[in-house]
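A quick write-up on the structure given underneath.
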There are 2 protein chains.
Amino acid sequence: MSQERKKAPTMADVARLAGVSSMTVSRALRADAPASAETRRKIQEAADELGYVLNSTAAGLSSRKTGFIAVTIPSINNSNFADTVRGLTEGLKDVNLQVLLGYTDYDMNAEEKLIESMLRRRPEALVVTGGSHTGRARRLMANAGIPVVEMWDLPEKPIGHVVGFSNRETSQAMCRRLYEKGYRRIGYIGGASSRDTRGADRRRGYEEAMRELGCDPRVTAFGDPPITMRQGGGALAQMLERWPDIDAVICVSDLSAFGALCECQRRGLSVPQDIAIAGFGNYDLADCAVPSLTTVEVHAERIGRRTAELVLERLTGENPDSAPVTSLMDFQIIERESA
Amino acid sequence: MSQERKKAPTMADVARLAGVSSMTVSRALRADAPASAETRRKIQEAADELGYVLNSTAAGLSSRKTGFIAVTIPSINNSNFADTVRGLTEGLKDVNLQVLLGYTDYDMNAEEKLIESMLRRRPEALVVTGGSHTGRARRLMANAGIPVVEMWDLPEKPIGHVVGFSNRETSQAMCRRLYEKGYRRIGYIGGASSRDTRGADRRRGYEEAMRELGCDPRVTAFGDPPITMRQGGGALAQMLERWPDIDAVICVSDLSAFGALCECQRRGLSVPQDIAIAGFGNYDLADCAVPSLTTVEVHAERIGRRTAELVLERLTGENPDSAPVTSLMDFQIIERESA
DNA sequence: TTGAAAGCGTTACCAT
DNA sequence: ATGGTAACGCTTTCAA
């Protein structure tokens, strides 16, 4: 029964079968356009019989509305970014906008390529993670003629809208909190390169805060971002070797924090008595681990929802020419058992 | 300097500026097509000057090749599926195929809608996770006239290619392994509904194996899939209440297994001495946790790569009319400290 | 190697 | 409420 499909049916085919023009089919297939109930029924029937599926490639070409929102994230395997994408998708689906998702592997050159390939699809808006881009990528975005949103960061020179927070401040805040609790010999565990610009900002915040507080920064960088759990454990081991008297560590993410925690457990060090540990991101893991991890909640899903709002404001005509907005999202330290 | 963009430049604009026909531009912009080096240079220059970006919506309409591979996964926030998507993306990018990703939230009706909306984009192949679909979804896929791959499962009645493994067998194997190690009062922790069909299959495998071994199945179902870490902990608590003499639990995923592990730790139960725990998926977490988790490795990334291979065989003409293939992937029990 | 013409399948626009 | 016609921006096809 492998009936070779000669050719997919088009609107014209449906129109012929229903005895109407293809314009009428076009209208009947959309909720808003005018069409009599009877006509709609006939057309629906014909479409079902033929197994017709609208070709939105053609529709997009004609209407200049592809229904795409292009979104780039550093990694597809990251709970925080996944939450943001969920927020975005949910916030967009009521208006029939589809997320076209791509990931950059924390690589600006990959991002540039990705942005170009996405722009070819003529998305109606472009959402990127982070505020550091190649020159060409910046140009592409600025000239695309569509709303642009940079998320998860506060770029010095925004391209369009911004929905983010200061990664620097999160680690400063965490650092001060630990200081208040009496910790003085606080270390930092993060990735070895600055590919993860948000991670690099958090490290910078840590260093600044330490100096302000009159403490020496103690940084252990370990591997290419994103730093894994296992690398977090390795970093803690290195740190203990170099600074055996360390009494707390701030980690670039909950994953590395958990790795550090596990390393402590293997070594028989108790957390937080022997060493306190703080993470970032408020992953499920942080809440569940024993001891649970003190961390930073950054409301990843809200970032996505807010981004969707800004995009929609521009796109649905409510505010098509609004000036670029910087939406500063709040974060909060979640104190748990580990610090 | 907010220069209002009148209209995005087209090939015709580039052609005019370069003093050639738009056909020549079309060819020059692609690596393969014939065009003299000099012409290429001129055209590249003109394109750069205008900030021209190819419109692949129009290109796709004309060539009937959109360059999309549609992929559906249950959840975007799942390390295993993320790995599969990575494998797919990597395996596809050399030939300029782009993954169009969507998630179903473990809901067959959402899947149906998603598949239709993706089919409208005229992808060149369709890859779905799992083998259970609504009737309409099946029809849509079967009639789409493109290669279809069902992953992560072994459907009874495949639509096209299959790249999967028997979820039932994974838990049977785990169950037998625990039995061999001397455990007899083995429980199972999973989701409360069958939305996660792969999870439901694993539970079935557990039940079958237990009966074969002459043991009573003890199942604690807890919450809608995907079951979280916290729910895994809650499920363990319930299980201990109902069957205080339990000596091992098999969990539907490493996440719930970790939740169960943490619950044990909070209760002062040692793992595996008081109770053994096994997970599924071989997440980073399983390797890192203390004690590390015995689990099932299913080679998620390989599933993606193999899927890419099958799609490419059909698409690149090497084997355009090949019969549907079922590619049985292997899995393995990873024995660690927890069981 | 290059160009001209004819679509690709839909929607915008203007009539009726 | 419905239909006719002309795009939309590209590639295919056929010629030169």
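Quick note on labels: first sequence line is chain A, next is B, and so on, each numbered from 1. Because the structure is predicted, anything quoted here is derived from the model rather than measured.
- Between B:I76 and A:L101, some side-chain heavy-atom pair lies under the 4.5 Å cut-off.
- For A:D153, there are no side chain to side chain donor-acceptor pair (under 3.5 Å) partners two or more places apart in sequence or in a different chain.
- For B:F68, the ring-ring contact (aromatic ring centres under 6.0 Å, His included) partners two or more places apart in sequence, or in a different chain, are A:F68.
- Along DNA chain C, the stretch of nucleotides lying under 4.0 Å from any heavy atom of chain B spans, 5' to 3', C:dT1 to C:dG9.
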Protein-nucleotides 13-16 of chain D N/O pairs closer than 3.5 Å?
none

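- When side chains are defined from C-beta on, A:V85 counts as touching A:T89, because their heavy atoms get closer than 4.5 Å.
- Side-chain contact check for A:L315 versus A:I69: some heavy-atom pair is nearer than 4.5 Å.
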Show me the protein contacts with nucleotides 7-9 of chain D, counting only N or O atoms at under 3.5 Å.
{"from": "D:dC8", "atom 1": "O2", "to": "A:S62", "atom 2": "N", "distance (Å)": "3.3"}
{"from": "D:dG9", "atom 1": "N2", "to": "B:A58", "atom 2": "O", "distance (Å)": "3.4"}

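- For the side chain to side chain donor-acceptor pair (under 3.5 Å) test, residues two or more places apart in sequence or in another chain that qualify with B:S79 are A:N77.
- Between the CZ atom of A:R120 and the C1' atom of D:dC10 there is a distance of 13 Å, given to the nearest Å.
- Using a 4.5 Å heavy-atom threshold, the side chains of A:D83 and A:H299 count as separate.
- Not counting sequence neighbours, the partners of A:S327 by the side chain to side chain donor-acceptor pair (under 3.5 Å) test are A:R306.
- Between B:K65 atom NZ and D:dT12 atom C1' there is a gap of 12 Å when expressed in whole angstrom units.
- In this view, B:F81 and B:W152 satisfy the ring-ring contact (aromatic ring centres under 6.0 Å, His included) rule, not counting sequence neighbours.
- Taking five base pairs at each end of the helix from C:dT1-D:dA16 to C:dT16-D:dA1, the local helix axes there meet at an angle of 20°, rounded to 10°.
- Side chains of B:S36 and B:K42 form no contact here, defined as non-hydrogen atoms less than 4.5 Å apart.
- Between B:L17 and B:L50 there is a side-chain heavy-atom pair separated by less than 4.5 Å.
- Note on A:T24: a side-chain N or O is less than 4.0 Å away from OP1 or OP2 of D:dG3.
- For A:A12, the side-chain contact (heavy atoms from CB on, under 4.5 Å) partners at least two apart in sequence or on another chain are A:T10, A:R16.
- The list of side-chain hydrogen bond (donor to acceptor under 3.5 Å, both in side chains) pairs with a residue in residues 121-141 of chain A, not counting sequence neighbours, reads A:E111-A:H133, A:E112-A:T134, A:E112-A:R136, A:E116-A:R136, A:R121-B:Q98, A:H133-A:E150.
- A heavy atom lying under 4.0 Å from DNA chain D marks none of the residues of residues 35-46 of chain B.
- For the pair A:E38 and A:R41, the salt-bridge criterion is met [side-chain N within less than 4.0 Å of a carboxylate O].
- Within the 4.5 Å cutoff, side-chain heavy atoms of A:L312 are placed close to those of A:L97.
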